[in-house]
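Since the structure comes first, as structure tokens, the remarks are kept for the end.
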Amino acid sequence: MSFAAKLLKWYGENGRDLPWRNTQDPYIIWLSEVILQQTRVEQGMPYFYRFVEEFPIVTKFAEADEEKILRLWQGLGYYSRARNMHKAAKMVVAAFGGRFPTAFADVIRLPGVGEYTAAAIASFSSNEARAVVDGNVYRVLSRMFGISRPINSTQGKKLFSELANDLLDKQHPGLYNQAIMDFGAVQCKPKNPLCDQCIFRFECAAFREGLTEHLPVKMKGKESRNRYFHYFIIREEEQLLMAKRGGGDVWANLYEFPMLETPTAVEVDDLIGTEQFGAFFHPFAVVETIGPPTKHVLSHQNIHARFYMIHNASALKVKKSEWNYFFWEKIDRLAKHKLIFSFLERNKQLIIP
DNA sequence: AAGTCGGGGGA
DNA sequence: TCCCCAGACTT
């Protein structure tokens, strides 16, 4: 029996029942695939339901404003996915009359849709013969065939992509693609794979040579840098002052408290003496530290955040028109980012009137 | 080719 | 801690 045939048999007996598998609607598949980029199925699931509910068809998605989309995306991370989806939805309306394309060549031109997602949409919605290559596929193939070429090198990507397309079941591309990813997620797991009851136990190169835990090979990236954020909570009557982040940095276009960043860790007494602080506040500002220093870990930077209450809003130098400010009831409806979101949850009683 | 973009879970 | 997750985009 061929590799593909064994895989399909395994899938028929062990495949997971996931909500986006019960449709061939390319729009719904696109929603699920973008949400699942670098995201575990369990984490993405509630977001998938929310987006389908809110935007059942692509024209609804295209019509929505970015604020609303970002708010729905809040907490999921990699927010450029949400912004790119909005652009893509508008393109589908403009270029395809609102009928979401299924062809690989069409969908890969949409922002936020790369090789993987285009292959997924094309194969699941119209059975176009394009092999998906995601983290699961890298792991299954590298172990099965004993390939130690790094999966994040240019050569490695090319090698695995060609191999994946050679192995693809051209008669059932969609089913095969689902099968190999499920096999990677359920059976050929990153840690503690279930080798002793694996259907490929006698053919798997890694199992035979005891290399399972050394494959796939991945080159290490740069270690993450440290950043020091100082957030100021400023109340005016029933309002909390919030600032919208710009682009070119983490949390683009999302809301947070007005803040300044220092190149090193700085205690509050020293912070007040800095030039940056002086540009924000008059010397008579009353500053109180709120909560403990908080470390927020991202994939490539460690954010060391401190929060301060400014008790006299009149000490604010900067024009408020440069920021957005809101009634506190509205705070929950803004696309805050995770760090601010969790701070608000913990300290609501301290800062809400 | 390397860097950037989040957050959460498992071991 | 470290690594990974149905990756894509920019430099």
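Reckoned from all heavy atoms, side chains included, excluding hydrogens, waters and symmetry mates. Numbered from 1 within each chain, the chains take letters A, B, ... in sequence-line order.
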Nucleotide of dA6(C), dC4(C), dC9(C) approaching Pro111(A) most closely (side-chain heavy atoms): dC9(C)

Taking any heavy-atom pair under 4.0 Å as a contact, classify Ile303(A): base, sugar-phosphate, or nothing. nothing

Taking CD from Gln178(A) and P from dA6(C), how many angstroms apart are they, rounded to a whole number? 12 Å

If you take the centroid of each ring, where Trp contributes its six-membered ring, are Trp30(A) and Phe61(A) closer together than 6.0 Å? yes

When you check the phosphate oxygens OP1 and OP2 of dC5(C), does a side-chain N or O of Gln38(A) lie under 4.0 Å from one of them? no

Touch check for Leu76(A), heavy atoms < 4.0 angstrom, all strands: base, sugar-phosphate only, or nothing? base

With distance as the sole test, does Gln74(A) use its side chain to make a donor-acceptor pair with the main-chain N or O of Leu334(A) at under 3.5 Å? yes

Students often get this wrong, so: under 4.0 angstrom with heavy atoms, is Val34(A) touching a base, only sugar-phosphate, or nothing? nothing

Would you say Thr117(A) reaches dA8(C)'s phosphate, i.e. side-chain N/O to OP1/OP2 under 4.0 Å? yes

Need to verify one output field. Residue with the more 5' nearest nucleotide on DNA chain B, Ser153(A) or Gly77(A)? Ser153(A)

What is the distance, to the nearest angstrom, from the NZ atom on Lys191(A) to the C1' atom on dT1(C)? 10 Å

So what stems show up for DNA chain B if we need 3 or more Watson-Crick or G-U pairs in a row, all under 3.5 Å? B:1-5 with C:7-11, B:7-11 with C:1-5

In whole Å, what is the span from the OH atom of Tyr47(A) to the P atom of dA6(C)? 16 Å

Using chain A heavy atoms and a threshold of under 4.0 Å, write down where along DNA chain B the contacts begin and end, 5' to 3'. dA1(B) to dA11(B)

